[in-house]
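One structure is given below, encoded as structure tokens.
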Amino acid sequence: MATLEIHDLHVSVEAENGPREILKGVDLTIKQGETHAVMGPNGSGKSTLAYSLAGHPKYTVTGGTVTLDGEDVLEMSVDERARAGVFLAMQYPVEVPGVSVSNFLRTSATAVRGEAPKLRTWVKEVKSAMEQLQMDPAFAERNVNEGFSGGEKKRHEILQLELLKPKIAILDETDSGLDVDALRIVSEGVNRVRETGEVGTLLITHYTRILRYIKPDFVHVFANGRIAESGGAELADQLENEGYDKYVKGGASA
Amino acid sequence: MAEAQNIPAGSTTAGSIAVAAESTVATRMSAPPSFDVADFPVPHGREEEWRFTPLARLRGLHDGTAVASGEGVKVEVEAPEGVTVETVGRDDERLGKAGTPVDRVAAQAYSSFEKAAVVTVAKEAVLTEPIRISVHGQGGVAFGHQVIELGAFAEAVVVIDHTGDAVLAANVDYVLGDGAKLTVVSVQDWDEKAVHVAQHNALVGRDASFKSVVVTFGGDVVRIHPRVQYAAPGGEAELFGLYFTDAGQHQEHRLLVDHNTPHCKSNVAYKGALQGQDAHAVWIGDVLIQAAAEGTDTYELNRNLVLTDGARVDSVPNLEIETGEIAGAGHASATGRFDDEQLFYLMARGIPESEARRLVVRGFFAELVQQIGLPDVQERLLAKIEAELEASV
């Protein structure tokens, strides 16, 4: 069973006046089949956690370990992490002009699976995944993220999640900027992947709204660069009622 | 209509649209056009038309010290039926009809060549196979002149391939009869030491269509000057270009579309990628819409993708409009760095770095390559782009 173990993770970014520590000792273990929601106020370091796990060059790991089934994730390049089974659905996916969605999906599936998918089954696979996400077939011929609406970008991210079948899926604010219909469609996509029982999900969000569609097994409150409190789904209800105030003011520095 | 974005250090993008003002195209020339090299002073490098060019690397083409050697270049023409290929002397009256040299090197070429090649496609002949012209450098200095003339309603594709090593200055004339359709692909695939300076003159007849594709990969210094004029209304010109500038190379493309006649169209699109220390690409796009050229429709675009540090781009679109009665006119120039966020996004989907770079660069050129409309040329270009990228990774 795949397990991602994050232990005492410290991460800095280069700021104007030298390096600034953003993650200050994160401990978290995610097992295949589990869904963890990480919730926290803006600027708490949630997205830094997501991008650090994926290996974004902007973030420097200054301490701690991250392993996937015992393998050192921090030693891996960005593409190696993806091929090892770590997937990051991005909050702001970038445009890649001149590269069509269909070319991109196939290139990435080939890389992750280690061989080119058979054309016939691949076409069906993409088509049915797109239908379930209510994406127009013409979408496949557009350039990656070019001129996509916010909702289209998020559907495209979840389409990749469904096709690449990672061991660990990190969803960075996938709910932000979505209307209720799009949120439902995107959540259903995530749930289809979760229902296979083969993915561990790290759901990073500011709002509790998405948790109505995607039920977490664990909820963690993120504040000031570390996990301030962990609990079950009931912790989300508490956050819904009380907000993050107590973590921002006192709790986080404890 | 002008835009400039993402400009990395080491690049300049300057655009201007002048309306009924003094012509900067005219004032940037050191001397009026002439067939005689003596009418041009030796450039010192600060003249507007020479300021981007490394004169010291022109191997004497600009100052008269380059002298033709016996083994300059070997020109071979492979033409299908319906085409006449002749080698003619300097006095042949078909030479120089499409345009006059506008700088000293072009005039030097015109003053120095001994024999010219004249390729004629008969009236109404529609070729199914391309005319292939091979210009192979054999290490010497050469001055060349070529004429490609299409009779009325003739249709032809010409592929001119430049390979080997040479110091070459040349003028190429394209003369299109009424309703003729000509596509010319000029590939500069020189060895690394070659120096190539050329002026391409197109004279587009009534309702004729001219498509020029200039592809520059090789050489030490390549400076190509494609120019278009219209002989009568209804003409169309498409000028496409693609370059891949490596470390130490200077590749310069200077375009002029002279809308001197009403109801003509032009569309210019040049794209280049640069990599390596002191890779230098220059793009000058001059479009004139003269007072008589009512109903003109024109657009020009230059895009550059800088793949590594140390490369430099100078991109100068320039549009001069002397009549308001036009269908459309615009220009765009942008130089962008290879985007680390694009690389991260693709790699985060398991795609290795070298393949991610290939995807992005191929994507950058893809749309332009598709517009060429010649499948075998397109495939060759894509393969060449792949090879350039392989060399860098």
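What you see is a predicted model, and the numbers here were worked out from it, not measured in a lab. In what follows, every chain begins at residue 1, and chains take the letters A, B, ... in the order their sequences are listed.
- Contact of A/N145 with chain B is made through the side chain alone, with heavy-atom distances under 4.5 Å.
- Scanning all heavy atoms of the two residues, the minimum distance from A/V78 to B/A348 falls at CG1-N, 3.5 Å.
- Proximity to chain B is limited to the backbone of A/E95, based on heavy atoms less than 4.5 angstrom apart.
- Ring pair A/F104/B/Y345 is parallel by interplanar angle, where below 30° counts as parallel and above 60° as perpendicular.
- Residue with the most contacts toward chain A among B/R362, B/R349, B/E355: B/R349 (heavy-atom pairs, distance under 4.5 Å).
- Annotation: B/K265, atom NZ; neighbour count of heavy atoms from other residues, nucleotides and ligands within 6.0 Å does not exceed 12.
- Pairing each heavy atom of A/G98 with each of B/A366, the nearest pair is O-CB, 4.4 Å.
- Here the closest heavy-atom approach between residue B/V360 and residue A/V96 is recorded as CG2-CG1, 4.1 Å.
- The number of heavy-atom neighbours closer than 6.0 Å to NZ of A/K31, taken from other residues, nucleotides and ligands shown, is 12 or below.
- A heavy-atom distance below 4.5 Å is not found between the side chains of A/Y92 and B/E341.
- Shown here is B/Q371, whose CD atom has more than 12 heavy atoms of other residues, nucleotides or ligands within 6.0 Å.
- Looking at A/P97 and B/E367, their side chains never come closer than 4.5 Å, going by heavy atoms from C-beta outward.
- The environment of CD in A/E115 is sparse: at most 12 heavy-atom neighbours from other residues, nucleotides or ligands sit within 6.0 Å.
- B/G350 approaches A/R83 most closely through the heavy-atom pair O-NH1, 2.9 Å.
- In this structure, the side chains of B/L346 and A/T107 stay at 4.5 Å or more apart for every pair of heavy atoms.
- In this structure, the portion of A/E157 lying under 4.5 Å from any heavy atom of chain B is its side chain and not its backbone.
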